[in-house]
Structure formats: structure tokens, C-alpha cells
Amino acid sequence: MNERRKPYPFDRLEPKWQAIWDETRAFHAPNPGEDNFDPNKPKFYVLDMFPYPSGAGLHVGHPEGYTATDIIARYKRLNGFNVLHPMGWDAFGLPAEQYAIKTGQHPAVTTRENVAKFKAQLKRIGFSYDWEREINTTDPAYYKWTQWIFLQIYNSWFNPKTKKAEPISTYRGDDPDGVRLAYVAEVPVNWCPELGTVLANEEVIDGKSEVGGYPVVRRPMRQWMLRITAFADRLLDGLEDLDWPKGIKLLQQNWIGKSEGAEIDFKIDRHEGKIRVFTTRPDTLYGGTFLVLAPEHSLVDLIVTEEQWPDVREYREKTARKSDLERAELTKEKTGVFTGACAINPATEQKIPIWIADYVLLGYGTGAIGGVPAHDERDLEFAKKFDLPIVEVVQPLGDQPAFGFVGDGIAINSPIINGLPTAEAKKKITRWLEERGQGKGAINYKLRDWLFSRQRYWGEPFPIVWQVSRHQALTESELPLEPPALEDFKPTGTGEPPLAKAKDWVRYSEAATRETNTMPQWAGSCWYYLRFCDPQNDRRFVGEETERYWMGGANDEARMTNDERMTKPESTGSSSFVIRHSSFQSTPGGVDLYIGGVEHAVLHLLYARFWHKVLFDLGHVSKPEPFQRLVNQGMILGEDNRKMSKRWGNVIDPLDVIEIYGADAFRCYEMFMGPLEQMKPWSMKGVEGVSRFLARVWRLMMTENQAGEWELSAAVQEIEPTKAQQKITHATVKKVTEDIEGLAFNTAISQMMIFVNAFTNTEAIPVSAMRTFLVLLNPFAPHISSELWQQLKNPGAITEQTWPVYDEKLLVEDEIEIVLQVNGKVRDRIKVPLDATNDQLDAAARGNEKVRNAVGSQTVRKVVVVANKLVNVVAA
RNA sequence: GCCGAUGUGGCGAAAUGGCAGACGCAACGGACUUAAAAUCCGUUGGGCUUAAACGGCCCGUGCCGGUUCGAGUCCGGCCAUCGGCACCA
């Protein structure tokens, strides 16, 4: 293998062109104000989800999305766009810290090494990133602004009147700390005693830590929270005008989990207070035969009777010991305990028992529910188990039984709303409750506020100090706040963050100490797309004009004009990928195309949208949404059809592939495998096939002389292409253009293969067709196309050319083949002139011998003629 | 349980409601070669018919039904695989 001849000298030419691109700054995107900035060029911002630089390096899954965006970036440049296509490192995070704990090596060192490795891999693939814009979330010059944005959030509140984030100075109440968008609360967290640290929800799998598999328990701790719930409605509504996959929108919708209903107050028998419950079905109030409180509900202590107290206490203790997983165990039976107290159903005025049960969650709604067993599965199960009364109050429209019916129907046994359909019954009973001061319409969300602090070393420190148990923001001039140099990164074991060990650092002044929590890994990735616009700016997180240019609508007009000049696909069909040609109206999102894994469907994308909206409200960014168009690439599996992992030994390193087949073959194979969004297995044989295609491209224009050197083939000549050659060239321009626009790279490559096959074994190859082809190939295989472009002695670099345009007129044939069907089955094919009329086609079909045979003794009932396509003779 | 995605040759996959399987892989046959590799040419969904070739015929896109002159594609109902959520009142 080692001495095996390369099918073409990619090992020489790929590094050569990569060096040229670096030297000529070929892919540098100038910002407004830079010397070579051209205000007439429309902008295009195409972004990858930047990676966490792990020690393992990239595997072939990472570059799938990166290759797709690179093709788009190069294509857009050839179409006259100023393209922002950056790359950077999301480098804070647990693995580097864990490694530090094990080896004592500082995370900064590990991070530097890993970044170098990742960058070398990416550069060898030949991506056209503007490396001058490289950023790293662990760089103080970067996280200075992460901390700055945190302070913007900290110094803001959500004004319910304007439904916007506003500076805290506009707040007129008496508890500013109670309304800030960043606040401190005592909340239950995932505490892992073994790791001595708190874990994020996503780091807990089935009640165990993702790292090490140690048990995780819930424990209340003082935490920083971000008030994302205030934006729930805007995060929900904002989805509408984004070009995102439907599934992702749905996931976010479900995550936000908006539900409309009512809050109803139940008086407590022989007690002062009342119990408030949330329900989406106020129309079933008459069927409410019991109340259930979450075991942790604060009212439980007040209402429980003397004799029930031992049972209640035991149940609460048992519940507290359960992990979330055990508690959510669906197969188990319902459990619960009677409190001894009763409430009054405001509709029936009957006394109903109050229970506690762990199927009611403290964190949702009011932590209490009204049990309507006849029309709720869970309540029914509970009522059956504990022998509670069941009253039917909804009559289904069909002939189903009312018992256990959970859908919409007609209210029965409910004097105030009898006979009303569910929707109206809800409205009327809610009004009735409102009039009597016993309830009101209410909306609830599943979305919780964002737990924003971590007890970790390797993250952004909070720019906050504490003085007499009150928090206070640092001033902007004190940023960046760097973490202290620590020898020992180990968790303290008490839940106190490692930063607390740096006593000198913690002591801010005589009276004040620093916050010792750090921010979660999400923080850096919440705004990195903004920093890419202006990565070296040391006065602002992003320059105003620059932000308007790359993230705003100021340039939409230029883009529109440019698009009109461009070849537009005829009809884009049903593909979900169509790049909207600026839609001729302003869109809410700034980044034009964002490609990344579906695993970030909810958290990263929701968090980033939240920060962006705060920045938008405060006037720091120009559009309300960060990402206009989102595409998720599918996972690449190992050759054995299993997920790539060390465990199966099926991980493939891009550099190993490139060593044998070259970067261009690697890129093309990544795209040729199948549709971008689909999950698909890797195949080395497949890479070989694509590599053969590139070798055929090479030999189309190059031959080996006697000395074994490659030189321009004599077959390539300055001649007019034949009609057939012209036709396939234009067909290829059309297909490749449309397929890139639709992100259907696999079929674009197929078409280029068809093109090359058509020219293989041709004695005289017209150089004009080759020129056109090389530009089409360039986004996919930039190295080989650059080299051949130079070998053909074309003026200028291929990266400076303009994308070819096709002529529809050259695609039409003089004679077309028409399919003749009888009853939908193909019987024959005939050639007819292009201008054949329907009558002529009809007659030709009826007269055709094979058609007549197939019709036999049947009568022709009808003849369907589809112009330029087929004739179907219907006989019976 | 709920929500979503997917289901087409030996394999990866194509196919505005209009010739199913483009393109690639693998396999087989041939040319070149002392030989092999590489390269080039050809065959390749299944079955039947025919001595053979040519040809001809039937079946075929997870299953069942529907709409239509015509369905891989649209509609309804199932099944399987994968992914997400999971007592959210």
C-alpha cells in the first residue's frame, strides 16, 4: 500500500493550493471600513456549529456539515457574495477539566494542544474558512464579552407591559433583585457525590452521571438563574418566520410547552387558606372529586391532620429519597397519602378530600391539581387505587362511553355549563369563576428558568461580588475577570466550587468576596456567531456597523439585485432545503445558513435565541433572531452500521482517509454518500469510487509523459463543442446549480460524473467545456479544480471566476421520446418531433402496433396525452 | 404511552402524480498485460418463455385498502426500525 501509485498527485497539489490560499488571503471576508470592502456585494453568512476541541480529534462525522457549508461558501463567493464563513472553538468544558484533575496538566494547555490538532485536521481538508476570524471561548479577549453580556442580562428586567427586556433603571418597584433577568435562587440541582460536583441535566443519564456512571441525587443549592421563562411567548412565536426544519420547531415548541387553561382556588374546610390548582380543563370542574398536592407543597404542613401526620411524613421522606428516574417510573402504580383535610369544590360546593401524591410535580403549574378521574387517565388510575368517587361531566360526540373520555365533548352534570361544547364550556366556567373571585384564565409553560451556574473551574467566572449577602456587578472596566491560577482543580467535595480554594482571588476587598461559581459551557456558544463578525474588536462585543452588515437587513437590497441577476431554479419543488432568494422582504434572522447536529435542537438553539432577544431589546443587535435558516446534518455511522465510537473500534480519522485518497475525494465522498440530513454509514469502497471519479477528471485533461510526469493532454483543444457536448455542459450547469441551492450535493456530484463519463474516450475535448466544468467542480473539489484551471493556462485563479450560467434553449431536443401506455403500462416508445400536436400523438398511439396488440379486442375508452411525455390509451 | 423521521436491488442511493432503480459500490464477463494492479468496454431487481440469441410476457418501491387514465410519490389504516419527550394536570 505504501508504495502504491497515487491515481493523481493530490499529495503534491493539495498542500500547494492550501498554501496559496493562505498567502493570498483568498477567503478573507472584508468588513465594512476595510480597504478592499465592496459595498455593492451582497453579504452571505454561512455558519457551522463550532466544535468542542476534544483530545480525540475530529472524526469523519464533523466535516460532513463543514463540507456542506464550505461548498455553499465557495459557491456564493463565485456568485459575487461577500461570504462570512468562520470557524472557532467552544473550548470551556468538563473533559478538559477532568483531564486536568487526572494529570495535573492545566486545562489551558490541553485546550491549546487540542485546538492545534483540530485546526490542522480542518486545514488539511481545505475548508475556505476566514482563519483571521478564529475565536476561542476560553480566550480572555473573548470571554470578556461573554461576561459583559451577562452583565447586560443582570442589569435588565422583563417589563411585562412592553414585553421586552429593559435596563433595570426603568423598573419602578421596590425589589429590583427580584425581577432581574439574572437572579439567585435556592433550587434543587443534580449533585454527584462521587464526582463532588453538580451536573447539568444533560450530563445526567438515567439517574447516573454521564462521566463515570455514578449516582446523582437532587439537592437544593444557591444558584444563578436566567429568567428565560419571561421570553417563552416570544421564543415560541419567533419560530414562525424562521426557515428551520419542522421537526426542530416542534421540539422547541414542546420544550416550551405552552398550555392554556385556568387557575382555580379551592377553599380549605376548617382552614383559612386556599389551594390554587392549574388545569387546562376548567370545564370538568364539576367532576373534580379530590385534590392532589405535590408532596413538597408548602401547604401540606398547614393542613395535614394530627392522625394523618405520621403517614404523610413517611411518604414525603420516601419521595425525597427517590431519584427523578424512580419517580418518573411509569410502569409503577400510583402512590399517595390522604392528608386528612378537605377542600370545597367551588362548583359543586361539596367537600372533597385533599391527598398528596408524587405524580403531582411541584415544579409545574401550582404544584397542585384537581382530580377529575372520569376524564383524566392519571386521576382515574389514582381514584381507582384509592377508591375515590368518579363523576362523568363530559359526553363524547360519538358513541364512546363518557367514563375515561379525555377528549372534547359536551358538558353534562354541570348545571352552569350543561350542553355546551368543551371550548365554550371552558370560557363560560372561567368567566363564572372570575366573577366570583375564585379563579382566572391562566397560561403555563413547561419551560423552566435556566440554571446558569456550575461548580467548576474551567468556565467563565461571574463578574459578581458579594457584600453582606448581596450581589453586585463588577464594572465593565474590571473585565475580563480571569479565573485564578489553581494547582488543584479537584472538586472540594462539599459542593463549594473549586474557585473557592483561591483565597486571595476570592477576597475582592475588605468587605466583599467574589462569586465562585462559573458559567455553563453554553454561555460561550450563545453569542459566538456575533463575535465572528468582528473578532478583534476590543471596544465592543461586536462593532455596530459590522453587526448591521453581517447580521442585519441593511444589505438586503444589494442581495436582492444580485439575486435577480442570478440564474434562478425554475421550480424548487417540495425540497425542504430551498435557499430563499432573500424572499424579497426582511427576515427576522441574521445568519443566512446554519448547519449543525440535531443534538443542539433545543438547548443551544433556545439559549442563543434567548440571549439574542435580550441583546435585541437593549438595542445591541439589529434583528430579533440569530439564525434564519437551519439545517441538521445526519449522523455518519461506522462501516458496521453502528454509531462511531472508541468502544466499537469503528472510528475513522479524516487524515487517514486523506492520506490515501486526498482531501478532494474525502470532501466529495462526504457529500456523495446520500442526502445531507440523513443518517448513513461510512464506506471506504465508496471513497475509492469517488476518488476514481476525480482521477478520471484529472486524466481527461492530463497525460503522463515518458518521464512519468503529468502534462496537459493533447486532446484538450480550442475547438467548438459539438451540439451534444454543449447540451450536456448546459444540463450539468443547470443540475449542479439547482442541486447546490437545494443542498442536494449527492445528486450534483452524480451529474458531474455523468458529464465526465460523456467526455471519457473523446479524442478532442473542447477547452471551453472543461473551463465551465472546473468552476462547477470547484466548490466540491477545490484543489484539483484549481490545479487543472492553472494547467489549462486560464487567466486568474479559479476562485475569482464567476459561476456559469446555462441557456435553457440549448437543453431542448429536436426530437423527443414519447412513452406509449395502455392502461398505465408501458407498451412502446416512439420518437416524435418536438412540435408534435396532441392530435398527432393521439393518432400515433392508436396506430402503434404494440398498442393495438395490447388493446386487443377491448374498446378504447379514452386517450390521455401529456405533452412531451406520454400517451396513455385507456381500454376496457 | 405521546410526538417525529425513515422503510426502494447484494450495498449507498435516484426519481415536478407520468419509462422505478440515474450515479456510485460490489459481483461477473471481456480488452490491455508474460502476469497482476491500474485503466477501458460490457452485463447485473426477480421470474417465465425460447435449443440459443433476438424478442416477448408477468411480478416488483414494508403490509392492507382508497383516490386517479396513471401512485415509490397523494389519502386512510396497520407493521417494523431509529430518534426525542416521558405522570407537564
Side-chain angles (χ1 to χ4, degrees), chain A residues 4-5 7 245-248 250-251 253-255 257-259 261 277-281 284 292 327-332 334 357-361 363-372 375-379 381-382 406 444-448 570-575 598-599 601-602 634-635 641 668-669 672-675 677-690 692-693 695-696 699 744 746-754 757 760-761 817-829 850 853-854 861-866 868-876:
Chain A
R4 180 182 151 170
R5 268 192 94 265
K246 254 174 67 189
I248 302 294
L250 209 65
L251 263 136
Q253 280 162 14
N254 292 342
W255 191 264
K258 179 176 185 168
S259 53
V277 306
F278 173 74
T279 176
T280 54
R281 293 296 299 268
T284 62
V292 190
R327 199 167 153 168
E329 198 70 62
L330 250 179
T331 47
K332 67 147 203 226
K334 291 270 178 293
D358 66 2
Y359 82 93
V360 175
L361 309 171
Y364 184 78
T366 59
I369 62 156
V372 185
H375 306 289
D376 183 285
E377 274 178 55
R378 299 150 299 184
D379 296 344
E381 222 183 295
F382 192 75
V406 296
N444 248 296
Y445 301 90
K446 266 170 31 178
L447 184 68
R448 302 270 71 100
E570 284 298 293
S571 155
T572 39
S574 60
S575 166
V598 71
E599 66 272 20
V602 176
M635 204 194 328
N641 252 302
C668 287
Y669 176 66
F672 186 66
M673 290 172 80
E677 286 187 300
Q678 197 170 299
M679 187 191 290
K680 44 212 177 281
W682 186 263
S683 156
M684 276 304 181
K685 286 287 186 190
V687 189
E688 207 169 311
V690 173
R692 277 203 279 265
F693 156 66
R696 270 204 305 281
R699 289 194 312 268
N746 53 333
T747 48
I749 293 170
S750 295
Q751 181 63 35
M752 291 191 280
M753 287 172 168
I754 293 169
N757 291 347
T760 302
N761 293 337
E817 197 180 69
I818 296 287
V819 171
L820 301 183
Q821 296 182 334
V822 175
N823 292 335
K825 276 191 184 139
V826 180
R827 294 301 165 175
D828 203 4
R829 292 167 188 131
K850 286 176 183 163
N853 283 345
R861 304 281 177 197
K862 189 172 162 190
V863 177
V864 182
V865 180
V866 182
N868 297 339
K869 277 264 165 59
L870 60 77
V871 181
N872 189 14
V873 177
V874 185

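Worth knowing before you read on, the calculation uses all heavy atoms, side chains too, and leaves out hydrogens, waters and symmetry mates. The sequence lines fix the lettering, A, B, ..., with proteins before strands; numbering per chain opens at 1. Bear in mind that the values here come from a model prediction, so they are computed numbers and not experimental data.
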Integer angstrom distance from the C1' of B/C58 to that of B/A22: 25 Å

Using every non-hydrogen atom in the two residues, find where A/N872 and A/L870 come nearest and quote the distance to one decimal. N-CD1, 4.0 Å

Side chain of A/K334 - closest among B/A89, B/C87, B/C69: B/C87

Checking A/K680 side chain against A/P675 main chain: does a donor-acceptor pair fall under 3.5 Å? yes

Along nucleotides 40-47 of chain B, 5' to 3', which nucleotides get a B, which get an S, and which get a -, given that the test is a protein heavy-atom distance under 4.0 Å? SS------

Test side chain to side chain contact (heavy atoms under 4.5 Å, CB included) applied to A/V292 and A/V360, A/V277, A/D379, the passing residue: A/V360

Could you tell me the separation between the OH atom of A/Y364 and the C1' atom of B/A86, rounded to a whole number of Å? 14 Å

From the set B/G24, B/C69, B/C85, return the single nucleotide nearest to any side-chain atom of A/M753. B/G24

Find the partner of B/A27: check Watson-Crick (N1-N3 plus N6-O4 or O6-N4) and G-U wobble (N1-O2, O6-N3) distances, both under 3.5 Å, and reply none if neither fits. B/U43

Could you say whether A/R829 or A/G247 is positioned toward the 5' end of RNA chain B, judged by the nucleotide with the nearest heavy atom to each? A/G247

Using Watson-Crick or G-U wobble geometry with both distances under 3.5 Å, which nucleotide pairs with B/A37? none

Around A/E377, counting heavy atoms of other residues, nucleotides and ligands shown, do more than 12 lie under 6.0 Å from its CD? no

Residue-phosphate contact under 4.0 Å: A/K869 side-chain N/O, B/C69 OP1/OP2: no

OP1 or OP2 of B/A5 under 4.0 Å from side-chain N/O of A/K246: no

Partner nucleotide of B/G55 by Watson-Crick or wobble geometry (both distances under 3.5 Å): B/U49

When rounded to the nearest 0.5 Å, the distance separating CE of A/M752 from CD1 of A/I754 is 11.0 Å

Please name the nucleotide paired to B/G7 by Watson-Crick or G-U wobble geometry with both distances under 3.5 Å, or report none. B/C79

Could you please name the option among B/G18, B/A89, B/C23 that lies closest to any side-chain atom of A/I754? B/C23

Provide the distance between the two C1' atoms, one in B/G21 and one in B/A26, to the nearest whole Å. 16 Å

If you check the A/V866 side chain, which of B/C19, B/G18, B/A89 turns out closest? B/G18

In B/S/- notation (B base, S sugar-phosphate only, - none; protein heavy atoms under 4.0 Å), nucleotides 6-15 of chain B written 5' to 3' is ------BSS-

Take the protein atom CD of A/E377 and the nucleotide atom C1' of B/G1, then report the distance between them rounded to whole Å. 8 Å

Nearest to the side chain of A/V864, heavy atoms from C-beta on, is which of B/A26, B/C3, B/C69? B/C69

To the nearest Å, give me how far apart CG (A/D828) and C1' (B/G55) are. 13 Å

Please report the shortest heavy-atom distance between A/V690 and A/C668, naming the atom on each side. CG1-CB, 3.3 Å

Between the side chain of A/R281 and the main-chain N/O of A/V406, is any donor-acceptor distance below 3.5 Å? yes

By nearest heavy atom, map A/V874 and A/Y445 onto RNA chain B; which one lands nearer the 5' end? A/V874

Consider the side chain of A/E817, meaning its heavy atoms from C-beta on, and name the nucleotide among B/C19, B/A89, B/G70 that approaches it most closely. B/C19

So how far is it from A/N746 CG to A/Y669 OH, rounded to the nearest 0.5 Å? 11.5 Å

In the structure shown, which nucleotide is the Watson-Crick or G-U wobble counterpart of B/A15, with both distances under 3.5 Å? none

When syn is taken as a glycosidic angle within 90 degrees of 0, is B/G24 syn or anti? anti

Derivation of the side chain to side chain contact (heavy atoms under 4.5 Å, CB included) call for A/V598 and A/E677: CA-CA 9 Å; A/V598 71; A/E677 286 187 300; over 6 Å; no

Drop me the distance from A/K869's NZ to A/I818's CD1, to the nearest 0.5 angstrom. 9.5 Å

What is the base-pairing partner of B/G1, counting Watson-Crick and G-U wobble geometry with both distances under 3.5 Å? B/C85

Ignoring hydrogens, what is the shortest heavy-atom contact between A/Y359 and A/I369? Give both atom names and the distance. OH-CD1, 3.6 Å

